[in-house]
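Keep in mind the model is a prediction, meaning the values are calculated, not measured.
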Amino acid sequence: MASTSVVTLNVGGEIFQTTAATLSRAGSSSPLAALGPSPPSAPHFLDRDPRLFALILSFLRCGRLASPAPPSAALLAEARHFALDGALLASISAPSAFSPLSLRPSALLPLAGRAAPSAVAIAPSPHCASLVAAHGGVVTGFDAALASRSTVLTPLPTVDSLVAVSPTLALAAAHDFPGVHLCRFHQGDSPVSAAPEVLSWLDSPSASVLSMLATPASQVFASFESARRNSSAVVAFDMNSLSPVVEIGRKEVFGADVEAAIPPTKLGWLGGYNLLLAAGSHSGPAGMVGDIRLWDVRASSTVPVWENREKEDCFADVAASDSLSSLFKVGAASGEVFMADLRRLGGGGICLEPWVCIGDGQRAEAAAASRKKDGNGCRIECYRNWVFVARGAHVEVWTQVELTPEACRKKGMRRNWVGNGPSMVSKHDEEGVRVKAKIVSWAFGGSRMALARVDKQSIEVWDSASEQYQ
């Protein structure tokens with residue numbers, strides 16, 4: 001190391017030595033980046049706590065904290081002084097550290113009040129993995145360190161849909177209440193804005209929201225249904241201007257033909273294909289019927305690039321995976337998992353049978369023929385290279401694996417379970433019995449999975465990042 005690159009610092013009476021290159025990792029907005037080389041006889045003086053600065057310097061050298069434990073409030077304040085709080089929080093739960101088979105319960109976040117959580121969401125990359133939870137009409141936000149929280153009271157009686165846009169912004173909506181409500185959380189000591197902000201469908205201001213989705217490109221999609229339930233549409237909003245951009249797939253109900261205009265209750269985004277997934281189902285005397293549509297909003301807002309009418313073993317839930325180039329569903333009748341390869345879907349028409357069962361195919365056929373309801377209440381979600389299914393109180397994960405060389409290196413999907421023991425329970429649980437309750441909402445982000453369970457006034461946080469410290 002060249003002696004001219006060494007920077008000597010006197011921090012609160014303690015001497016530190018590092019390099020200009022290490023300090024430059026703090027970024028141009030940090031005062032540390034402006035400190036040039038200095039000899040031991042003339043060190044830069046910083047009137048700060050040397051114990052905290054040692055942790056800051058270690059973070060700059062290694063790119064992560066030396067301990068898997070969440071940073072203290074004092075360390076976060078010190079990082080904020082050096083304009084490093086964002087980078088430090090982002091490093092706590094990096095997406096690259098996510099490993100589903102290494103997920104372990106890491107925190108239990110109690111929620112104020114008596115209402116159990118109805119929805120949970122995690123801010124997506126590139127934002128740090130901050131978490132928001134809805135309980136009753138209240139939305140509570142936690143930073144990525146899970147160390148500080150802030151609360152927003154909405155006018156909603158209960159929150160059915162929740163999206164974390166960034167560490168300071170979440171969107172809340174209810175099925176029987178109009179509009180998308182913006183929840184802004186404070187940073188540091190700044191107060192929360194009391195001004196209500198609501199995004200509405202201009203053609204039907206009283207329309208309620210069935211589902212929401214935020215994309216990395218500062219766009220929000222919301223599925224609206226009119227108060228009379230005779231019209232619906234997906235509306236895209238620009239979050240920078242808070243204005244509607246385009247109306248997608250408007251449907252009108254004429255007479256009693258409800259199945260001809262099923263509103264989307266699940267939205268998904270395929271960024272690599274620039275496609276919006278919109279799916280909805282309806283249960284009637286003849287059984288469950290569903291529609292799945294893929295929209296390229298740049299090409300048309302009235303004609304989907306692909307659509308499929310679901311009748312036999314209609315989906316209980318459906319999800320899209322960019323990295324696996326596929327759609328996945330859980331059959332409402334069978335509870336089995338199905339996969340549809342995006343690269344094999346025909347455009348401009350209805351595909352008769354795109355699905356391939358990656359579970360028990362014979363069981364799926366028998367369940368569909370007997371009109372069972374084994375998949376009711378199941379949830380499915382895709383995160384990074386994995387597919388997750390919530391069955392009651394448990395979570396299973398599907399991983400893509402290469403088959404034997406004799407199979408021409410084809411790939412298949414293999415199932416495992418997340419976790420291998422009883423879940424944590426709140427210390428306030430009077431029964432003290434470690435019995436898992438049904439999952440009512442979940443979210444993935446960074447290296448974490450968050451679960452909300454029925455009648456539990458807390459959020460479970462599972463993390464795989466701690467594996468990197470072992």
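In terms of heavy atoms, V132 sits closest to G141 at CG1-CA, 3.9 Å. Shown here for V163 and A214, the closest heavy-atom pair between the two residues is CG1-CB, 3.5 Å. Nearest heavy atoms, W295 versus P304: CZ3-N, 3.5 Å. Contact between G113 and Q457 at its shortest, heavy atoms only, is O-NE2, 3.3 Å. Here the closest heavy-atom approach between residue F185 and residue A170 is recorded as CE1-CB, 3.8 Å. Shown here for V234 and P264, the closest heavy-atom pair between the two residues is CG2-CG, 3.9 Å.
Not one N or O on the side chain of S321 forms a donor-acceptor pair closer than 3.5 Å with the backbone of S326. Checking side-chain atoms of D322 against main-chain N and O of G271 turns up a donor-acceptor pair under 3.5 Å. Judged purely by atom type and a 3.5 angstrom limit, R453 has no side-chain atom pairing as donor or acceptor with the backbone of K438. When atom types are taken as modelled, the side chain of H181 and the backbone of A174 share no donor-acceptor pair closer than 3.5 angstrom. A donor-acceptor pair under 3.5 Å links the side-chain atoms of S441 to the main chain of V120, judged by distance alone. Between the side chain of S464 and the main chain of S102, no donor-acceptor pair closer than 3.5 Å is present.
No option in W269, W201, F237 other than W269 meets the ring-ring contact (aromatic ring centres under 6.0 Å, His included) test with F221.
Defined by atom type and a distance below 3.5 Å, a donor-acceptor pair is missing between the side-chain atoms of E225 and S208. Between the side chains of S447 and D463, at least one donor-acceptor pair of N or O atoms lies under 3.5 Å.
Using a 4.5 Å heavy-atom threshold, the side chains of R384 and P95 count as touching. In this structure the side chain of L103 never reaches within 4.5 angstrom of the side chain of V395, judged on heavy atoms. Here the side chains of V220 and D238 are not in contact, with every heavy-atom distance at 4.5 Å or above. Taking the side chain as every heavy atom from C-beta outward, L57 and F16 approach each other to under 4.5 Å. Using a 4.5 Å heavy-atom threshold, the side chains of L324 and V387 count as touching. For the pair N10/L46, no side-chain contact is recorded, criterion being any heavy-atom separation below 4.5 Å from C-beta on.
Taking the six-membered ring for Trp, F98 and W386 have ring centres closer than 6.0 Å. Aromatic pair F388/Y383: centroids not less than 6.0 angstrom apart. Not less than 6.0 angstrom separates the ring centroid of W398 from the ring centroid of F328.
Using a 4.0 Å cut-off between charged side-chain N and carboxylate O, E14 and R51 make no salt bridge. With respect to R379 and D317, no salt bridge is recorded, no charged nitrogen being found less than 4.0 Å from a carboxylate O.
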Derivation of the side chain to side chain donor-acceptor pair (under 3.5 Å) call for S323 and N385: CA-CA 6 Å; S323 56; N385 298 323; 3.2 Å; yes
Test log, rule side chain to side chain donor-acceptor pair (under 3.5 Å), inputs S118 and H135: CA-CA 6 Å; S118 57; H135 44 114; over 6 Å; no
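Within the model, atoms CD1 of I56 and CZ of R61 stand 12.5 Å from one another, a figure rounded to the nearest 0.5 Å.
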